[in-house]
Amino acid sequence: MMMLANLVHVATTIHIYDDNTALRNGLEELLSLSDEFVVTGSYENCRQAEEEVKKNGPDLILMDIDMPGMTGIEAVSKIRAFNKKVYIIMLTVFDDNTHILDAICAGASGYLLKKNISEKLIPAIKDVLAEGASLSPSVARMVMSSMQRSSQGVGYNFTKREKEILALLCKGNSYKMIAASLGLSFETIRSYIKKIYEKLQVHSATEAVSKAINERLI
Amino acid sequence: MNHCLCSCLCALILFCISDAGLYAQPAPHFPDYHVQIFDESAGIRSHNLRRVVKDQRGFLWLQYPDRILRFDGKHVREFLLPPGQRSILCDDDNRIWSSGITGVFRFENDRKGFIPILPDTGRQLSIGVMLQVTGKKYWLETGKGFYEWNNDTGKFHLLTDSSLKVSSPIITGLSKYSNNFLFFAANDSLYRYDLARLKRNALPLKNCNSLNPLSGDKVLITTWELRSFFYDFSSDAITAVDLRETINRGVNNFFVVNDVLSLPDRKYLVTSSLGLIEFNDSSQTFRKLTLYHNGTPIREDRNFYGLYADNLQNAWISSFQGLIKLPKKERQFGWERNHEADPGRSWNNYVRNFASDEKGNLWLATENGIAYWDINNGSAIYPLFAKETATDKMNHPSIRGLAYDGQHLIIGQTDKGIWLYHPIKKKYSRPEYGPGERGDSIRKKIENEFINQIYTLQSGNHVVAARDVYVIDKQTLQVNEIHIPGKKGNAIFSYQDKRKRIWIATNYALYCMDSTLKFRFKVEAPSNENAIRTMCEWGDELLIGGSSLYRLDFQARNPTLQKLHPFFDDKNIVILYTDLLKRVWLGTENGFYCYDPGTHQIRSFDQQDNVQSNSFYPNSIYRHPNGLLFVGGYRGINYFYPEKQSLTGDHLQVWLTNVTVNEDDSSFISFSKNYRLRYFQNSIQFDFTSPGYSQINKIRYRYRLEPVDSAWIDNGNNNTVRFTSLSPGRYTFRVEASLNGTYWQESSERFSFTIDPPFWRTWWFGTLLLLVSAYGIYRWIGYWRNKIRAQQILNYFATSLYGQNTVDDIFWDIAKNCVRQLNFEDCVVYQYDRRRKMLVQKAAYGPKNPDKHEIINSIEIPLGKGVVGTVAQTGIAEIVGNTSKDSRYIVDDIRRHSEITVPITVDGEVFGVIDSEHRLKNFYRKYHLVILRDIASIAADKISKYIMQEKLRSKISRDLHDEIGSALTSINVLSKVAINKGSHDNELLTYLSRIKESSSRTMESMSDIVWAINPKNDILEKMMSRMREFAADICEAKGIDLKFLVPSELEMISLDLAKRKSLFLVFKEAVNNAVKYSECSLLIVEFGKQGDNLTLSIRDNGSGFQTGRVTHGNGLQNMHERAAECDGRLIIESGPGLGTLVRMEIPITRFGAFKYDDVG
């Protein structure tokens, strides 16, 4: 127990939520290859996620978006309701899944396409742990159209530069290509992306509050 | 009878015949009046009948205290009124008024009856009589004074003349008007009000019971003491009437006058408590009158009330016996019949002959002896009876022959011969029969014969008509037989004409003898019995009566009988008499007639005219020198002045009384000009009547409904005629009445009416129907033509849409076809962006986009704005006929004046809107709307199907991907884990790496396929984004410099699924090859447009390869095949050390893109 506690102390504790048992097991194995990560919980659904997270207090959660019963997005909002700290990476098969944006808005820290999982899981986790955020062109596109839609209402308050970056992302440019074309550093682009994430989440929080007021939930 | 009465009687009689002026001798005394009575048998209620009045049409209105009856001689109509009715009046406008305690009533019509007319005061008035005063004024007497009728206001107004004012109430019901004076009782006075001078004077009077002016000065008053007085305003004298000496015979002096009627010569008819009395103002005498009905005196005459004289000078008495008509005296038929109870004085009513004595009194030959009628001294008739067994006096009761020679009455018995009777000596004797055996044989013979007649010749000799014919010499009274040649038959009568020829009739022939009784010639009788029964002269003609009426025609060598009038066939004429007006009177066995051979007019007289019966005795006739004609029949004697009788009877009037439509009381018609009836009001009943009171049963009617009846239709005595099912048209109903069938009187009013045809039979309706049918057919043809055309158009649209597989294609197709097929000027199709609540222009045809598949200025319209926005919001198609009147209209490039907008509703939600505008107002018609709706519906079906398909496809692929993707990821992950677990078996590691790579590739490919088939990724922009992402990803990993060149104009072109897929896969294969095998440091990806083709070139600066050699599996072959699949072309240019260029050209599907963000 002590040893575990020590391990926990140094390694990043991770919860995995995925209904595909083989994949879940694979991920556990993959993460166990590294000493930096300890899978402290692996679940095939997220119905009990709230309690499980409260109980174990993981550093990071790998959350499949499309799960039977309760979707990963719902789970994210519930977790975010009491825990702002834990990193949550959404797992999805499709990068054009609109749920990715919903999940980001709900508080996800990043996302990972399953097709790239074997190569990109560890870099992605590390990236997230380093306060980075990934934003693929398709998701960027969703952000853009979401931004346009809400143009008449409350905006995301993106800056001109943020919008610029988003537009470039939409066209399929990598962070590196954007950095090159804008004459900025890669890290700057990363921090812009992070900012975009935050704005999305803040906006969705205010949206959720106003919605709650409207529906007299508060 | 006392002397006074006699003299007064004589005077009356004198008056009665004075205007006859034909005969010098005074008329015999005969009953005062022969009356007609209308009582219950005529439908009249007799009880309480008080007053009667005749209107201008001839109807009688009978007043009772609580009702009024209208009577036309045959029919009665009753109208109920409140009790207390006191007076009745027919005004000059022929309106009937009734007044009584409770008010005044005026007759309105048969249906409404009498309606109340009140004075102009609200006060409760005690109302008395209404009367007509001079100047056609109508006054109403009330307890408070007099009111006058004002025809203009339709009200009674109080008269304010001070001379009419009294301090105590006027006694109502008493006021009477006479000779310009109004008399009324009030203030214990009798007032006489002078209407000319507006002054009044008074005589004291208390307790007035009745008031009856005789003249302007003299009033007969009865008080409640039941005494009567004469009030004379000329001398201010009041004289009591005392009838104890004359009529009342000392019983008491009560005398209540009910009513007074003025007769000529200052005589008055008075109904009173003592019965009917005549007062002679000249002689100051009262005389009780006796009325005879059916030859019998009316004994009860104390409840006679109102008296009324009509325009025909008939007097009418309202009595409890009924309504009594007193005909104008000279025109009445007297009827004397025996009504004695005492057998000794009871003369026989079968009167067969008359003989007049020198005093003018009459001897009657009857079936039971003879009788003497002292007509100068009363109506008493004294019979002389035969004694069967006697030999010295009349010894056979049945007498037919009777003559008077100044001394003797010559009595011809029907058996036992002839007697001579001396009335003064009261002695009988027998005539002489000549000496010897011859005389004896004549006596014996005649005493066995049936004597029909004894006729006194102008010479004074008498002809006896028996089985044979005899003559009695006036001097010697000797009987001699006259020889009649030819066949023997009973002699019936003899007659001497003014040319002194003597005519003797037998059963078989009529013999003409000269004045000396020498036979001249004979005329054969018609073959039947009773052929010749009587004859008379008519001018120079001789008329013969018998089985018919004949004229003796002397034209032929032998005179013959010529029938005069077929009417008399079989009437069995037994009496003929020509009066001074050359009218022939005919007594028959079937009635009594007057006939004018000149005009052929015939009038019949019957029981209503007081004719004793329908049967008369042959030649039982006597014209008295006083002018009366006596005729004998089976029930007594009739006597009358023939010249005073009218051949036409009373002036006949016929009136339409009622018109009833459809037996419905509500459609009772009061007369007005040209009534209009509806088509179903086609059953019409006419009631008409001819008011008449003397020949009631002889009135005949005939009618004619023009134009249906071409001739008059005889209706007999029926006074109703009903027409049913009359066709529409204009009609006039005419009716005529006649008493004799010869002279017809038409009703003064004809009834015209029009039955309107039902509207469906009017010309305008027919025309309208024709027009409507024509229009209907026109519309029907038009409808079908439009429908067929619409169907054709729809088919065209449907066929055209069949080839379209995307929403954009569908929209473009609609826009194009709307303009081409529907002749629209333009057509724009919008798609509804649900998220943004915007309508986005997707396809346009017309000025906004003349020919190309390209939107120049893509319009976006917010939901609810403009016509398009409204239609998208409501989902209801609209036509705006005039856009300038519709504030919603949004001017685009220029204002167009009409607009049609139809929503495309897919699965219950508005998906898009088809919109077209036209420069003309009201260009769009309903059928445009209908057809456009159908088109929208077809498009919606197509879109719905398309979306379904897409969704399904997408879902299948994603589900597949999700499952297999996860599985492949697991394999990939696990193989990586296996590699990293640190196996040192290189062979195993190689296999594991292959597994990992293979799973990874498979996942990538699958992901690409799924991405490519997603319609959201339809536009090139997205694909390019993905391509860039892919290329960047892979190049960055290898440190290869990537140049990705896309001209901005290409971002909005579309490629269909197959092309997209091919393009992407070719691109991927080429990039992969370059990155993995060429060892290049630079990769240039470049898109371009060459005509309608899209070009893609991927160029690297790598090692290149020999194009003829296939080194990488079938990668290159695959690329060629994929390019060919989508009609594209692939060119690979490479060579060792030259780098590689892969160039692909594919046709562009369409310009303009469709964002699929909102679908699915």
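Below, read A as the first sequence line, B as the second, and so on, with proteins coming before strands; counting in each chain starts at 1. Hydrogens, waters and symmetry mates are skipped; everything else that's a heavy atom, side chains included, is used.
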Proximal component of A:N20, with respect to chain B [non-hydrogen, under 4.5 Å]: side chain
Within this structure, what is the CE-OG distance for the pair B:M1003 and A:S118, rounded to the nearest 0.5 Å? 8.0 Å
When every non-hydrogen atom of B:A1032 is compared with those of A:G172, the smallest separation belongs to CB-O, 4.4 Å
So which part of B:A967 gets closer than 4.5 Å to some heavy atom of chain A, the side chain, the backbone, both or neither? backbone
B:V973 versus A:L27, closest heavy-atom pair with distance: CG1-N, 3.8 Å
Got more than 12 heavy atoms from elsewhere within 6.0 Å of CZ, A:R161? yes
Counting heavy-atom pairs under 4.5 angstrom with chain A, the leader among B:N972, B:L1042, B:L968, B:L974 is B:N972
Top of A:N173, A:L121, A:T21 for chain B proximity - count of heavy-atom pairs under 4.5 angstrom: A:N173
From A:E29 CD over to B:S970 OG, what is the distance, rounded to the nearest 0.5 angstrom? 12.0 Å
If I compare all heavy atoms of A:L30 with all of B:K976, which pair ends up nearest, and what's the gap? CD1-CD, 3.8 Å
Non-hydrogen atoms of chain A under 4.5 Å away: do they reach the side chain of B:K837, the backbone, both or neither? neither
Are there more than 12 heavy atoms of other residues, nucleotides or ligands under 6.0 Å from atom OH of B:Y991? no
Working for side-chain contact (heavy atoms from CB on, under 4.5 Å), residues B:R1028 and A:K171: CA-CA 7 Å; B:R1028 199 194 300 261; A:K171 291 191 173 179; 3.8 Å; yes
Salt bridge or not for A:K176 and B:D1041, using N-O below 4.0 Å? no
Is the CZ atom of A:R24 crowded by more than 12 outside heavy atoms at less than 6.0 Å? yes
